[in-house]
Amino acid sequence: MKLIDGKVISGYVKDRVKEEVSALKEQGVTTGLAVIIVGEDPASKVYVNNKKKACEALGIISEEYALSENTTQEELLALIDELNKKPTINGILCQLPLPRHLDEQAVINAIDPQKDVDAFHPQNVGKIMQGDYDFVPCTPAGIMEMLKYENIEIEGKTCVVIGRSNIVGKPMGMLLLHKNGTVTICHSRTKNLKEICRGADILVAAVGRPNFVTADMVKEGAVVIDVGINRVHNKLVGDVDFEAVKDKCEAITPVPGGVGPMTIAMLMQNTLTAAKKQNNR
Ligand code: GUN
């Protein structure tokens, strides 16, 4: 079994980004990311803080907008409008989920597609469907980067994604399809989930339930990618029963230290891409 080390691979991505950010700066072009967080969700606060720290380490200017739980839709849209117009801000990320009284899709739609470093705007989602894109949602992009780094072939392989979210499952399926994988997306209504997963050469688990993927769901020699970040007894665990699955597979990502660090590295990469595009580089 090979452990796919997200810390190492994200380090390479971040080094690459850092060099380019610095080269742009020498030409007088800065790179800036605005991160908006609404409310007090503790997990979101941790993620936003990690994004801010990554920016600082790579020379990317970061602006955090921490808004109160009872921010109105109008106030949030007004902030986005302001950031859309702000030349020093190249990327805008609004941390999800938003408090329930806010219309998440309307907020996503308000972000300038050229600054949409999450690639959640319908225009960017559409481009991903067409296979011609600048921004890719950070988590699927990070997974593709890991597969590439490990020389894991996708063409012709049976790829099974568990989870159909707009953030991970759906774009993940599309990226694997663009690399000529044969893709199945499973979800809570899927029948024969175990049998379908057992057929996977590449299995991506994005369910959000601890230890959901058990050894009997994994084919001997499969590549297993664990997107889950679940807190159990104050410990982080993935969606895969790592101890039971690890000896069956060819390669597997750990939690923590797998997909998580990749997601942030790809956000940095998307922010750099935005800065380059906006400055015609
Ligand atoms: N919440 C969980 N993952 C993400 C992400 O990738 N982007 C944003 N904006 N919110 C998230």
Side-chain angles (χ1 to χ4, degrees), residues 6 10 13 32-55 60 62-67 71 76-77 79-80 83-84 89-100 102-125 128 133-146 161 163-175 204-209 225-231 236 238-239 255-256 258-271 273-274:
S10 67
V13 174
L33 173 69
V35 179
I36 305 169
I37 176 168
V38 186
E40 302 294 328
D41 180 63
S44 289
K45 281 186 170 180
V46 172
Y47 298 146
V48 165
N49 202 33
N50 287 340
K51 289 168 187 177
K52 205 164 75 180
K53 278 196 277 189
C55 283
I60 295 175
S62 80
E63 292 183 3
E64 185 184 337
Y65 295 86
L67 308 183
T71 298
L76 184 51
L77 292 180
L79 172 61
I80 290 172
L83 296 170
N84 281 341
I89 290 300
N90 307 106
I92 303 170
L93 178 148
C94 183
Q95 187 66 29
L96 304 179
L98 288 170
R100 280 230 301 277
L102 296 171
D103 179 347
E104 215 158 84
Q105 194 58 53
V107 169
I108 289 168
N109 294 355
I111 295 173
D112 179 344
Q114 302 230 45
K115 296 192 175 184
D116 171 36
V117 286
D118 267 323
F120 293 168
H121 189 285
Q123 185 176 311
N124 289 321
V125 175
I128 292 162
Y133 39 78
D134 300 313
F135 302 129
V136 186
C138 304
T139 301
I143 293 168
M144 295 307 283
E145 195 73 25
M146 289 174 130
V161 179
R164 57 173 154 181
S165 70
N166 289 334
I167 298 185
V168 183
K170 284 188 223 171
M172 186 76 249
M174 207 44 70
L175 298 187
V204 180
V207 199
R209 282 210 256 157
I225 307 291
D226 190 348
V227 182
I229 303 180
N230 310 292
R231 195 168 285 276
L236 285 187
D239 291 346
V255 177
V259 175
M262 293 305 299
T263 298
I264 294 195
M266 301 322 283
L267 173 65
M268 300 297 108
Q269 165 94 66
N270 280 347
T271 305
T273 301

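Bear in mind that the values here come from a model prediction, so they are computed numbers and not experimental data. All ligand and atom numbering here is 1-based and tracks the order in the structure.
Residues D116 and H121 come closest through the heavy atom pair OD2-N, 2.8 Å.
If you look at ligand 1, the protein residues with a non-hydrogen atom under 4.0 Å away are L93, C94, Q95, L96, D118, F120.
With sequence neighbours left out, the salt bridge (Lys or Arg N to Asp or Glu O under 4.0 Å) criterion links D134 to K277.
Between the side chain of K115 and the main chain of L83, a donor-acceptor pair closer than 3.5 Å is present. Side-chain N or O atoms of N90 include none that pairs as donor or acceptor with a backbone N or O of A274 at under 3.5 Å.
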When the side chains of residues 32-42 are checked against the rest of the protein, which donor-acceptor pairs come out under 3.5 Å, sequence neighbours left out?
unit_1 : atom_1 : unit_2 : atom_2 : d
E40    : OE1    : K45    : NZ     : 2.5
D41    : OD2    : S44    : N      : 2.9
D41    : OD2    : S44    : OG     : 2.9

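The side chain to side chain donor-acceptor pair (under 3.5 Å) pairs that include a residue from residues 91-100 are K51-Q95, where partners are two or more places apart or lie in different chains.
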